[in-house]
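Below is one structure, written out as structure tokens; comments come after it.
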Amino acid sequence: MITRKHIVTEPGGHRARRSLYWQYAVEPFFYLSPAIILIGAVMLMPLVIGISYSFQSIDLLRPFNTGWVGFENYTKLWSDRKFWLALENTFWWTFWSITLQFFLGLGLALLLNTQFYGKKLFQALVFLPWAVPTFLSALTWAWLFNPVIGPIPHWLAALGVLSEPYNILGDPDLALWGPITANVWFGVPFFAITLLAALQSIPGDMYEAAEIDGASAWQTFTKITLPFLAPMIAITVMLRTIWIANFADLIFVMTGGGPASSTQIVSSYIFTTAFRKLDFGYASAIAVALLGILMVYAVLLLVLRKKLVKV
Amino acid sequence: MRHLFKSIGLAATLMASSAYADTTLKLVEVITSPSRTETLQALVNDYEAANDGVTVEIISLPWGQAFEKLATMVAGGDVPDVVEMPDSWLALYAGSDQLASLEEHIAGWDHGDTLTQKTLDMARQSGDAYMIPYGFYLRAMFYNKKLLAEAGVEGPPATMAEFMEASKMVSALPGKSGYCLRGGPGGTNGWIMMAAVMNGTNEFFTEDGKSRLNEPGSVEGIQFLLDMYQNGYAPRDSVNWGFNEIVAGFYSGTCAFLDQDPDALIAISERMPAEDFAVIPMPTGPSGKAFPTIGFAGWSVFKSTEHENDAWNLVAALSTPDANATWSKHVGVIPIHEGADQDPHFQTEQFKGWFDELNGAQYEPTIMPTYLEQWGYFGSTMVIETAQEALLGQRSAQDLADEWAGFLTKEHAKWKAAQ
């Protein structure tokens, strides 16, 4: 009793407890507060506002005529044929863009990691598309696919891929391949640069040891190169997937989502709903759906990365 | 310290008095290009030279974001004195009581008498004259003389049936097509025009507010364009063509007909010899009439301006016959004053088509119902998407017409209820 009383009333002990509280519960957040405020203001607030929009009716021309509508936008979304079509297109657009970009980028990185004559010039040329503004590359590719001015349809016809030189951007079955081609051209340098950097960080003695042990080229690649590249591959593929799934610039300039919505992806559908139909509530609901899908994807990939990367 | 205060005070007084003496007008242009701004600046320089003490500040908003930007400026209190006003926004700004009526100014203006009736009709669309149009974007038919001769077509078509026949004959030539169909961005005018010409009227709604777009005649008009495409009289990829593609399709000699505004003439005459093409009015339908769409833009004065007279003087200076001729030649529009067709620039075989259309009784220009709130969405997104589905054979003309008419009827009811 006396002891307890002693502890409670002893001024030093009281101060010690207070400083413990200060040290662990307040002080760290106090130092972090600029970052927390910044993140809250530029990321969380807009996110929360955006999500709240999806439960409202918002009309740009009458900004004060808003109101909460509950899950109305989401029920509408569930039965919206165009949304599901856009979702399917988003999948194919992202899948082919990322697959082709990745494998071509990996090939280029492996090539650039060797020594050959004129490497510097070649390297500069490979990285050039990354520096071209998307609007310009979309416009250029759109015209390259135009049989009146561009050569591609004539080449494809000469190779027997097309029955006659026509513009695939006008064919609903093939139109998505136009923006995908432009996207691959535009995005290969990104993979080439990042994978080349990762390749160059692999210690050379690993390869020397493998050579002494008599490993084949394939074994060296699968047992040394790939495991070392894996963390970089996982993170770049995840970032690029999210980016490409949201990336409507090329599609917008090259086909405008057409013909007949055959190249409409979810993010371009969000744009038309928000800025043409001026229906911000419904556009927000679509955006939230896309956000949810991408988050699930990101979590899956992060789990996968944890399992894969054992080095 | 006292010295400092004194000099600050003196400077402030000087600045205030000079601001009081000089007037600065803010002019916002919304359809811009560097060379266009240069032409506007030259006209404004003339105005400034003639009006001592008035300076004009030109603000150029890129067209893609102009709507939102101007709306934000106005809502935020940064209201310009004079603005370039496209037809599709006039109802919105005039309806919300933002614009000054120019009726009295026009009545007292030296050049008010020579404004054509059409100009005044367009200016008064929302009641009073809330703008002075600077010119018209009117549809007429370009045709390639060489291609028609090669295909054995005797003369340019005057009726829709002749138009279809001539397109068919041209399409028989290897690698050539009859019509530069605009299936992509901006294609709405084509569908509306064809529906109107076959239906024999360009009224959008019946008296009880029902859209006329799914009347049998209109459906026939929609079917006309579908036939054009599906029979191969238009290039296969024209389902996605916008302005640049149709114009390139015409000047490259891929297709023989193109219906466009005079602004297409700028690109075409740069690349095609004048003797190889000409412009005729739009072909007429079974009723003997044609309904080419007409668009316009002009200059408006905001009601909130503190210098209404100076602002009007600026609009008047931009709209004199001389200034308007310079402007319309550069921008590619039909000028607004009577007698403008006597200018040698407009007396070519190319411009004849437009002036014939403006003066002929069988041609009734069609103004789009831009007063409908969702018209922008209808024209720029809904029509394009659904029409492409029909062009590709995924749905019928009737189906298309019913969907469009249903949407417009609903929008019209909404508009009516708000009146």
Side-chain angles (χ1 to χ4, degrees), chain A residues 59-65 81-82 85-86 135 139 142-143 145-150 152-154 157 162-176 178-179 251-264 268-269 271-280 282-283, chain B residues 64-65 67-68 71-72 75 89 91-92 95-96 174-175 177 180-181 183-187 229 232 234-242 244-255 373-382 384-395 407 414 418:
Chain A
D59 189 339
L60 187 71
L61 286 177
R62 285 189 305 254
F64 302 111
N65 191 15
R81 180 182 65 90
K82 277 200 274 184
L85 180 69
F135 184 77
L139 224 52
W143 284 111
F145 278 112
N146 188 313
V148 176
I149 292 174
I152 293 178
H154 301 277
L162 295 180
S163 55
E164 49 167 340
Y166 70 91
N167 194 340
I168 61 159
L169 297 179
D171 182 336
D173 299 325
L174 297 175
L176 198 55
I251 292 183
F252 217 78
V253 177
M254 289 179 75
T255 63
S261 301
S262 60
T263 57
Q264 186 87 279
S268 59
Y269 188 41
F271 181 84
T272 37
T273 310
F275 292 100
R276 297 274 181 271
K277 207 171 180 184
L278 303 177
D279 189 344
F280 277 71
Y282 190 51
Chain B
Q65 300 121 41
F67 180 74
E68 294 91 337
T72 320
W89 309 354
L92 187 70
S96 55
S177 299
C180 289
L181 177 84
Y229 181 76
R236 184 167 171 173
D237 47 321
S238 63
V239 62
N240 231 8
W241 278 10
N244 289 330
E245 288 86 359
I246 51 172
V247 171
F250 185 76
Y251 67 62
S252 64
T254 307
C255 35
E373 214 176 77
Q374 293 273 4
W375 176 259
Y377 168 71
F378 177 77
S380 68
T381 304
M382 188 175 161
I384 306 306
E385 277 177 17
T386 48
Q388 285 178 338
E389 288 170 359
L391 285 170
L392 296 167
Q394 297 166 6
R395 54 196 298 184
F407 184 85
K414 245 165 57 185

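What you see below is based on every heavy atom in this structure, not just the backbone, and it leaves out hydrogens, waters and symmetry mates. Proteins get letters first, then strands, A, B, ... in listed order; numbering begins at 1 in each.
- Atom CG of residue Leu392(B) and atom CG of residue Asp171(A) lie 8.0 Å apart, to the nearest 0.5 angstrom.
- Counting only distance, with no hydrogens or angles, the side chain of Asn240(B) and the backbone of Leu169(A) share a donor-acceptor pair below 3.5 Å.
- Residues Leu391(B) and Pro259(A) form no side-chain contact, since every pair of their non-hydrogen atoms from C-beta on lies 4.5 Å or further apart.
- Taken to the nearest 0.5 Å, the CG atom of Asn146(A) stands 10.5 Å off from the CG atom of Asn244(B).
- Interface remark: Glu245(B) contributes backbone and side-chain atoms alike to the contact with chain A (heavy atom separation under 4.5 Å).
- Here Arg81(A) does not pair with Glu385(B) in a salt bridge; the nearest charged N to carboxylate O distance is not below 4.0 Å.
- With values rounded to the nearest 0.5 angstrom, Arg236(B) atom CZ is found 5.5 Å from Ser163(A) atom OG.
- Ranked by non-hydrogen atom pairs under 4.5 Å with chain A, the options Phe378(B), Tyr377(B), Trp241(B) are led by Tyr377(B).
- Between Ala260(A) and Gln388(B) the shortest heavy-atom distance is N-OE1, 2.6 Å.
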